[in-house]
Trainee: 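Got a structure for you, written out below as structure tokens; questions coming shortly.
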Amino acid sequence: AFPREDGTEHSALGSQHSYEEWGYAERAWYLEGMMGVSGVVRALLWPTEGVVEVGHYGLVWAERTPQPPSDLFSFRLSEEGYQRLLRHLHTTLLNEEPVASFRQSVFYPAKGSYHLFHTCHQYAALALREAGLPVSPFWAFNRTSLAWQLRRAARFLEKQ
């Protein structure tokens, strides 16, 4: 998620922010409701269509999720790192024609397919690596391993 000035409200504390969030999911699972055990097997063992979600929210997902626990990691990027990250995220879109929209999110076809070695965790790690963070998509095979890398990256960057 990136903080974005929405330009509509200002207070003594400064301008209000909204957030632009990017995510990645298996299309059949996330948009078509094809879940359950067969959905897990399909999503992980067969390369299937992926979707990229771009949402605009007042709070980041970690603060609004109905399914805690969630971890929130914040990193300050250089302008160059931020631009590399944005370029990378846009290259993950197959095209800019939405396939669906729900609430404040728009879903686009992903260039890459979803499978065991390219899930939302690897998607996030690839993007953060493009931004210059010391994370590896190879070690981001689940939520726990990605969070471990992000904690390590935060400690590393604090020391610099």
Side-chain angles (χ1 to χ4, degrees), residues 1-33 35 39-40 43-44 50-93 96 98-110 112 114 118-137 139-160:
F2 307 103
R4 314 266 305 176
E5 283 206 29
D6 62 16
T8 58
E9 297 180 36
H10 296 278
S11 69
L13 299 175
S15 58
Q16 297 292 327
H17 288 281
S18 62
Y19 295 90
E20 180 174 294
E21 294 180 349
W22 286 67
Y24 178 71
E26 197 235 8
R27 181 177 178 158
W29 180 283
Y30 208 77
L31 295 182
E32 299 164 12
M35 300 176 182
V40 170
L44 295 179
V51 289
V52 175
E53 176 184 6
V54 180
H56 293 94
Y57 294 91
L59 297 171
V60 294
W61 182 86
E63 294 173 345
R64 67 176 198 279
T65 181
Q67 299 174 328
S70 64
D71 294 314
L72 179 62
F73 298 93
S74 295
F75 296 98
R76 291 199 183 277
L77 303 176
S78 67
E79 183 61 28
E80 180 185 346
Y82 174 69
Q83 292 303 321
R84 282 194 323 260
L85 175 60
L86 287 179
R87 278 193 301 276
H88 171 77
L89 290 172
H90 283 278
T91 66
T92 66
L93 303 176
E96 300 218 11
V99 294
S101 64
F102 300 112
R103 297 185 274 301
Q104 291 130 305
S105 290
V106 178
F107 296 84
Y108 299 93
Y114 191 98
H118 192 249
T119 66
C120 56
H121 304 101
Q122 286 96 3
Y123 179 87
L126 279 165
L128 294 171
R129 185 176 68 186
E130 279 297 314
L133 296 176
V135 295
S136 168
W139 294 109
F141 45 85
N142 62 28
R143 177 190 174 281
T144 302
S145 63
L146 177 59
W148 175 81
Q149 288 191 76
L150 294 174
R151 280 187 199 89
R152 190 175 132 264
R155 285 192 305 272
F156 174 77
L157 294 172
E158 281 177 5
K159 293 177 184 178
Q160 288 189 340

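This structure is a prediction, so every number in the text was calculated from the model and none was measured.
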Trainee: For Leu44 versus Tyr114, what's the shortest heavy-atom pair and its separation?
Mentor: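 Taking Leu44 first and Tyr114 second, the nearest heavy atoms are CD2-CE2, 4.5 Å.
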Trainee: What's the spacing between Trp139 CH2 and Leu146 CG if we round to 0.5 Å?
Mentor: 14.0 Å
Trainee: Check side-chain contact (heavy atoms from CB on, under 4.5 Å) between Tyr30 and all other residues, then give those that pass, not counting sequence neighbours.
Mentor: Ala25, Glu53, Phe107
Trainee: Taking only residues at least two apart or on different chains, which pairs with a member in residues 61-74 satisfy salt bridge (charged side-chain N to carboxylate O under 4.0 Å, His left out)?
Mentor: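 Qualifying pairs: Glu21-Arg64, Asp71-Arg143, Asp71-Arg151.
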Trainee: How would you list, by chain and number, every residue that makes a ring-ring contact (aromatic ring centres under 6.0 Å, His included) with His118, sequence neighbours excluded?
Mentor: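 By the ring-ring contact (aromatic ring centres under 6.0 Å, His included) rule, His118 matches Tyr24.
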Trainee: Taking side chain to side chain donor-acceptor pair (under 3.5 Å) as the definition, give me every residue that meets it alongside Glu96, ordered by chain and number, with sequence neighbours left out.
Mentor: none
Trainee: So, using side-chain contact (heavy atoms from CB on, under 4.5 Å) as the criterion, who are the partners of Glu80 when residues are at least two apart?
Mentor: Ser78, Arg84
Trainee: Show me the pairs that pass ring-ring contact (aromatic ring centres under 6.0 Å, His included) and involve residues 63-90, at least two apart or across chains.
Mentor: Phe2-Tyr82, Trp22-His90
Trainee: Please identify each residue that fulfils ring-ring contact (aromatic ring centres under 6.0 Å, His included) with Tyr108, with sequence neighbours left out.
Mentor: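 Counting only residues at least two positions away or on another chain, Tyr108 forms no ring-ring contact (aromatic ring centres under 6.0 Å, His included).
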Trainee: Ignoring hydrogens and angles, write down the donor-acceptor pairs under 3.5 Å from the side chains of residues 122-137, residues two or more places apart or on other chains.
Mentor:
residue : atom : partner : partner atom : Å
Gln122  : OE1  : Thr119  : N            : 2.6
Gln122  : OE1  : Thr119  : OG1          : 2.5
Gln122  : NE2  : Ala140  : O            : 3.3
Tyr123  : OH   : Thr92   : OG1          : 3.0
Ser136  : OG   : Phe138  : N            : 3.2

Trainee: For Gln149, check side chain to side chain donor-acceptor pair (under 3.5 Å) against everything at least two apart and list the hits.
Mentor: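 Not a single residue meets the side chain to side chain donor-acceptor pair (under 3.5 Å) criterion with Gln149.
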Trainee: Residues two or more places apart in sequence or in another chain: which of them pass side-chain contact (heavy atoms from CB on, under 4.5 Å) with Ser70?
Mentor: Trp61, Ala62, Thr65
